[in-house]
Each structure stands twice: as C-alpha cells, then as structure tokens.
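Treat the numbers as computed from the prediction; the structure is a model and nothing was measured. Below, read A as the first sequence line, B as the second, and so on, with proteins coming before strands; counting in each chain starts at 1.
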2 protein chains.
Amino acid sequence: MENSISKIQGAITRNSELFEELANLYKIFGDASRVKILCALTQSEMCVSEISAFLSISQSAVSHQLRILKTSNLVKTRREGKNIIYSLTDDHVRTIIDCGMEHIAE
Amino acid sequence: MENSISKIQGAITRNSELFEELANLYKIFGDASRVKILCALTQSEMCVSEISAFLSISQSAVSHQLRILKTSNLVKTRREGKNIIYSLTDDHVRTIIDCGMEHIAE
DNA sequence: TGCTTATATGAGCATTTGTTCATATGTTCA
DNA sequence: TGAACATATGAACAAATGCTCATATAAGCA
C-alpha cells in the first residue's frame with residue numbers, strides 16, 4: 001500500500017511537465033468564449049467575422065482567442081480571399097468537449 | 001448552409017450558461033496542482049497530508065485546492081480519526097484526464 | 001493608387017487566480 | 001483538560017487572464 005502510493009508519487013514527480021502540459025490544455029477549454037468558439041467550429045469551419053457575429057464577441061476578442069487556439073494547435077487556418085477560415089485541427093477537441101458535456105449532464 | 005450555421009448560433013446562444021458551466025469544469029482541470037491531486041486520487045484515496053507530501057505542495061495550498069475540488073463535486077471526503085480522506089466522486093474525472101492525456105500523446 | 005473590408009496585435013486595465021503566512025477549528029490521547 | 005497532530009480558512013499579494021481601444025497589416029476592388 002505504502003509502496004504503491006510511492007510509485008504513484010514517483011510517476012507524478014517524474015511527469016511533472018506532463019501535468020503542466022495537461023493543465024495547459026484544459027486551461028484553454030476553461031474559458032466560455034473559447035469553448036463556444038471551439039464548439040462552433042465543431043459544427044462547421046468559419047471565418048473570424050462569422051464567429052464574432054454568431055457569438056456576439058467583439059472581433060478583437062475573437063481574434064485574440066483564436067490566436068491562443070492556433071498557438072495551441074487546436075485550430076488551423078486557411079485564407080480565402082479577404083477572409084481567414086478557421087477549423088479544428090483534429091477530432092480531439094470534439095472528444096474533449098463531449099467528455100465534459102457528459103460530466104455536466106450528470 | 002447559412003441556415004445551418006444560424007441553428008448552431010441559436011444553440012450556442014440559448015445554451016450560454018451551459019458553456020459557462022463547461023468552461024468552469026475545465027477551468028478546474030486547468031491547474032497543474034489540481035490535475036496532480038486528481039490524478040493521484042485516480043490511483044488511490046488519500047488524506048490531505050499524504051497528498052501534500054507526495055506532490056510537494058504546502059498543506060495550506062493543497063487544502064485550498066481540495067476545497068475547490070469538493071465544491072465542484074469532483075471529490076468527496078470522509079473522516080477517519082484525525083485524518084480526512086479524499087477520493088474521487090465518480091469516474092468522470094478519470095475519463096476526462098484520459099481524454100486530455102490522449103490529446104497530449106498526439 | 002486609394003478606399004473598403006477583414007484580421008491581427010500591442011498597450012492598458014480590471015478581474016481572477018494560486019500561493020503563502022498566520023491562525024482557527026477539530027480530533028486524539030496521555 | 002491540555003498538548004500534539006491534522007485540516008481549514010482568511011487576508012494579502014504577485015502573477016496571469018481576457019477584454020477594450022486604437023492601430024497595424026493585408027487583400028479586393030473601383
């Protein structure tokens with residue numbers, strides 16, 4: 001018992017950066033604006049002004065948040081004329097949101 | 001297309017508190033100390049001083065974080081003599097952590 | 001080329017967050 | 001009951017966060 005707990009401790013101590021990384025990932029989902037943006041992109045790719053209009057968040061705020069999402073590799077972009085279209089990088093985002101939703105649903 | 005996006009917007013606007021709630025859930029996971037605590041409890045229930053020693057976080061800091069976790073119903077407690085034993089409320093925590101780990105694993 | 005639209009970005013600011021320190025509360029046991 | 005251990009909690013403070021405002025950058029079009 002004591003021994004097995006020591007093992008856990010070892011694992012946690014050794015993987016300290018891993019937990020840091022994990023926390024950083026969740027931190028990104030820990031903001032209503034970003035979750036909304038991600039959730040919207042779950043349904044369809046969108047350009048900045050669309051996101052801004054749909055979520056009633058200022059263009060600047062959306063842009064700032066999108067930068068965070070892009071830096072974290074959760075979304076990717078492509079240019080289409082004047083617009084920049086944002087979409088999810090992969091399906092993990094969907095999975096993570098679903099995960100949380102299930103918990104909330106109780 | 002325009003129509004379907006409108007539907008998404010409606011859903012997001014109508015469920016604004018839902019996203020707030022979702023963000024609040026993730027916010028809890030968005031701190032290395034708390035993730036470590038939760039992860040430790042994933043393996044075994046523990047009392048405060050054990051957690052504190054294992055994670056090298058001060059007793060006070062652990063206690064403060066545990067209060068947050070308890071308020072959010074992610075952990076539950078029972079007293080055993082002088083100690084208060086903390087354990088996960090349910091398996092959702094495990095699932096959510098696994099979810100994030102998978103994403104990080106790339 | 002100059003105007004308009006779309007997006008990005010920096011500075012400033014108010015709010016939130018996580019820690020520490022000091023102390024209170026609660027339990028055990030001599 | 002009083003000392004010792006375990007946990008909780010409030011105040012204070014530094015750091016991080018997310019927004020707004022102003023402005024920069026970039027593309028399309030007359």
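Rounded to 10 degrees, the angle between the two end axes of the helix from dT1(C)-dA30(D) to dA30(C)-dT1(D) is 10°, with five pairs used at each end.
Contacts between residues 68-86 of chain B and DNA chain C, defined by a heavy-atom separation below 4.0 Å, involve R79(B), G81(B), K82(B), listed by number.
At a threshold of 4.0 angstrom between heavy atoms, the contacts of S63(B) include nucleobase atoms, whether or not backbone atoms are also involved. Nucleic acid contact for Q59(A): base, since at least one base atom lies under 4.0 Å from a heavy atom of the residue. Using a 4.0 Å heavy-atom distance criterion, S60(A) is classed as a base contact.
Checking C47(B) against I57(A), the closest nucleotide of DNA chain D that is more toward the 5' end is the one next to C47(B).
The CZ-C1' distance, from R34(B) to dT16(C), rounds to 12 Å in whole Å. Atom CG in D31(B) sits roughly 17 Å away from atom P in dA15(D) (whole-Å rounding). Atom-to-atom, CD of E50(A) to P of dT5(C) comes out at 17 Å; the value is rounded to the nearest Å. Taking atom NZ of residue K27(B) and atom P of nucleotide dT15(C), one finds them 15 Å apart after rounding to whole Å. Atom CG of N24(B) and atom C1' of dT17(C) are 13 Å apart (whole Å). I28(B) places its CD1 atom 10 Å from the P atom of dT17(C), with the value rounded to the nearest Å. Protein atom CZ of R67(B) is 16 Å distant from nucleotide atom P of dT25(C), rounded to whole Å.
Residues L74(A) and I68(A) fail the side-chain proximity criterion, which asks for heavy atoms closer than 4.5 Å. At a threshold of 4.5 Å between non-hydrogen side-chain atoms, the residues V62(B) and L55(B) do not count as touching. The shortest side-chain heavy-atom distance between Q65(B) and D31(B) falls under the 4.5 Å cut-off. At least one side-chain heavy atom of L66(A) sits under 4.5 Å from a side-chain heavy atom of I51(A). Contact annotation: the side chain of I85(B) approaches that of C47(B) to within less than 4.5 Å [non-hydrogen atoms, C-beta and beyond]. In this structure, the side chains of F19(A) and R34(B) stay at 4.5 Å or more apart for every pair of heavy atoms. In this structure the side chain of L25(B) never reaches within 4.5 angstrom of the side chain of E21(B), judged on heavy atoms.
Counting distance only, with no hydrogens placed and no angle test, the side-chain atoms of H64(B) and the base atoms of dT20(C) include a donor-acceptor pair under 3.5 Å.
For S33(A) and dC19(D), the shortest distance from a side-chain N or O to OP1 or OP2 is below 4.0 Å. The phosphate of dT17(D) has neither OP1 nor OP2 within less than 4.0 Å of any side-chain N or O from Q65(A).
Going from atom SG of C99(A) over to atom CD of E102(B) covers 9.0 Å, rounded to the nearest 0.5 Å.
The aromatic rings of H103(B) and H92(A) sit perpendicular to each other, their planes meeting at more than 60°, with 30° as the lower class boundary.
For S58(A), taking side-chain heavy atoms from C-beta onward, the closest of the listed nucleotides dT20(D), dT7(D), dT17(D) is dT20(D).
With sequence neighbours excluded, the residues satisfying salt bridge (charged side-chain N to carboxylate O under 4.0 Å, His left out) with R94(A) are D91(A).
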